[in-house]
J.: 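Handing you a structure now.
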Number of protein chains: 2
Amino acid sequence: MINDTTTDVAPELACPITPVVDVVFSRWTTPILWVLNEYGRHRFVELERRITTITPKVLTERLRRLERDGLVVRTYHPEVPPRVEYEISDLGRSLAPLFAALSEWSVNLDKVEQARLDYDTRDHHPSRRTSL
Amino acid sequence: MINDTTTDVAPELACPITPVVDVVFSRWTTPILWVLNEYGRHRFVELERRITTITPKVLTERLRRLERDGLVVRTYHPEVPPRVEYEISDLGRSLAPLFAALSEWSVNLDKVEQARLDYDTRDHHPSRRTSL
DNA sequence: CGGTATCCAAAGGGATACTG
DNA sequence: CAGTATCCCTTTGGATACCG
């Protein structure tokens with residue numbers, strides 16, 4: 001079983017967006033949705049080649065999950081050799097503004113980077129403080 | 001080491017928003033950011049109590065990471081007993097529209113739920129197909 | 001109060017090989 | 001081609017106890 005519908009765990013007690021995050025932003029799902037949304041229908045191997053580092057096992061798992069959640073549509077063509085096509089659903093497409101917003105926020109990534117540098121420069125180990 | 005700045009791994013080859021997702025939507029960070037954004041400054045125990053199921057260990061880890069990434073500001077008051085306050089930074093606050101968009105998309109969660117029911121109703125085990 | 005330290009179980013996910 | 005099946009390793013995170 002990939003998603004258990006019955007067990008909603010706790011973080012959303014304090015935060016209403018946690019359930020959405022769980023559906024959309026689990027690992028590997030963003031690249032898959034992004035690709036299908038930007039470049040249209042893909043066969044299994046095409047996805048494999050585009051998302052170069054994903055293994056077939058994991059790709060299958062994520063696609064099943066996205067299909068089950070209604071974000072992706074899988075079409076099986078019973079030919080020889082078999083042909084399967086994946087495309088984004090209307091529901092999946094409704095995430096586009098969200099993705100756009102995330103994409104825009106990316107300009108702030110260098111601030112994050114800078115913050116990390118600053119943080120790592122400062123001393124956070126009490127035992128090693130040099131100043132008094 | 002919590003975040004390794006040097007190793008950017010692969011999914012973003014196919015998807016420009018993966019780095020943002022990694023920064024903002026790792027587990028437990030959304031509840032924390034949400035709470036700090038909605039309800040203002042919090043002390044450590046206050047966060048613990050609001051996000052009921054988080055353990056102090058994990059809360060510490062997430063807060064350090066958020067601080068390092070510049071999304072949260074930690075202020076230490078050297079009193080007895082010690083007092084520490086966490087608040088969201090300007091950079092963190094700039095995520096608000098994103099959070100709002102996610103919150104709006106939540107209305108689609110019942111479609112996801114329905115899709116799951118449909119999927120689980122259909123038969124996906126070839127060996128057990130009942131139709132011909 | 002605001003954390004650390006330690007231990008450990010479960011889950012995620014990679015590598016590899018195989019199949020209808 | 002489009003996956004499965006296995007194995008196994010690493011990481012995440014929960015439980016618990018303790019400390020300045």
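This is a predicted model, so every value here is computed, not measured. In what follows, chains are A, B, ... by sequence order, proteins preceding strands, each numbered from 1.
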J.: Go through C:dA15, C:dC1, D:dG13 for me and flag the one nearest to the A:T55 side chain.
T.: C:dA15

J.: So, is A:R74 near the phosphate of D:dA2, with a side-chain N or O under 4.0 Å from OP1 or OP2?
T.: no

J.: Under the rule for salt bridge (charged side-chain N to carboxylate O under 4.0 Å, His left out), what residues qualify as partners of B:R83, not counting sequence neighbours?
T.: B:E79, B:E85

J.: Out of D:dA2, C:dG13, D:dG14, which has the shortest distance to the side chain of A:R62?
T.: C:dG13

J.: Take the protein atom CD of B:E79 and the nucleotide atom P of C:dC1, then report the distance between them rounded to whole Å.
T.: 14 Å

J.: Taking CH2 from A:W28 and P from C:dA11, how many angstroms apart are they, rounded to a whole number?
T.: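 Rounded to the whole Å, the gap is 22 Å.
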
J.: Expressed as a whole number of angstroms, how long is the span from B:L59:CG to D:dA15:C1'?
T.: 16 Å

J.: List the residues meeting side-chain hydrogen bond (donor to acceptor under 3.5 Å, both in side chains) with B:T55, not counting sequence neighbours, and say none if there are none.
T.: none

J.: Should B:L109 and A:L95 be regarded as members of a common hydrophobic cluster, given that ILVMFWY residues are connected when their side-chain heavy atoms come within less than 4.5 Å of each other, either directly or indirectly?
T.: yes

J.: May I have the distance from A:I54 (atom CD1) to C:dG13 (atom C1'), rounded to whole angstrom?
T.: 10 Å

J.: In this structure, how many angstroms lie between the P atom of D:dG3 and the CG atom of A:L63, rounded?
T.: 8 Å

J.: Of the candidate nucleotides D:dG13, D:dA15, D:dA2, which contains the atom at the shortest distance from the side chain of B:R27?
T.: D:dG13

J.: Are there any protein N/O atoms within less than 3.5 Å of an N/O atom in nucleotides 4-6 of chain C, and if so, which ones and at what distance?
T.:
none

J.: Could you state the CZ-P distance from A:R49 to D:dG3, rounded to the nearest angstrom?
T.: 14 Å

J.: Please say yes or no: joined through hydrophobic side-chain contacts below 4.5 Å, possibly via intermediate residues, are A:V35 and A:V58 part of one cluster?
T.: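 Hydrophobic grouping puts A:V35 with A:V58.
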
J.: Five pairs per end, C1' atoms only: what is the angle between the end axes of the helix from C:dC1-D:dG20 to C:dG20-D:dC1, to 10 degrees?
T.: 50°

J.: Which salt bridge (Lys or Arg N to Asp or Glu O under 4.0 Å) pairs, counting each pair once, include a residue from residues 90-104 of chain B, with sequence neighbours left out?
T.: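 Every salt bridge (Lys or Arg N to Asp or Glu O under 4.0 Å) pair that includes a residue of residues 90-104 of chain B, provided the two are not neighbours, is B:D90-B:R93.
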
J.: Expressed in angstrom and rounded to an integer, what is the separation of A:E61 atom CD from D:dT6 atom C1'?
T.: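 Rounding to the nearest Å, CD of A:E61 and C1' of D:dT6 are 13 Å apart.
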
J.: Would you kindly compare A:Y86 and B:S26 by the position of their nearest DNA chain D nucleotide and give the one closer to the 5′ end?
T.: A:Y86

J.: Which residues pass the side-chain contact (heavy atoms from CB on, under 4.5 Å) test with B:T121, sequence neighbours left out?
T.: none

J.: Quick one: is B:R43 getting a side-chain N or O under 4.0 Å of the C:dG2 phosphate, OP1 or OP2?
T.: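 Result: yes.
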
J.: Of all residues at least two apart in sequence or in a different chain, which pass the ring pair (Phe, Tyr, Trp, His ring centres under 6.0 Å) check with B:Y119?
T.: B:H124

J.: How would you list, by chain and number, every residue that makes a ring pair (Phe, Tyr, Trp, His ring centres under 6.0 Å) with A:Y86, sequence neighbours excluded?
T.: none

J.: Could you tell me how far apart A:E48 (CD) and D:dT4 (P) are, to the nearest whole angstrom?
T.: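 The distance from CD of A:E48 to P of D:dT4 comes to 12 Å, rounded to the nearest Å.
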
J.: Would you please name every residue forming a salt bridge (charged side-chain N to carboxylate O under 4.0 Å, His left out) with B:D110, sequence neighbours left out?
T.: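 Per chain and number, B:D110 pairs via salt bridge (charged side-chain N to carboxylate O under 4.0 Å, His left out) with no residue.
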
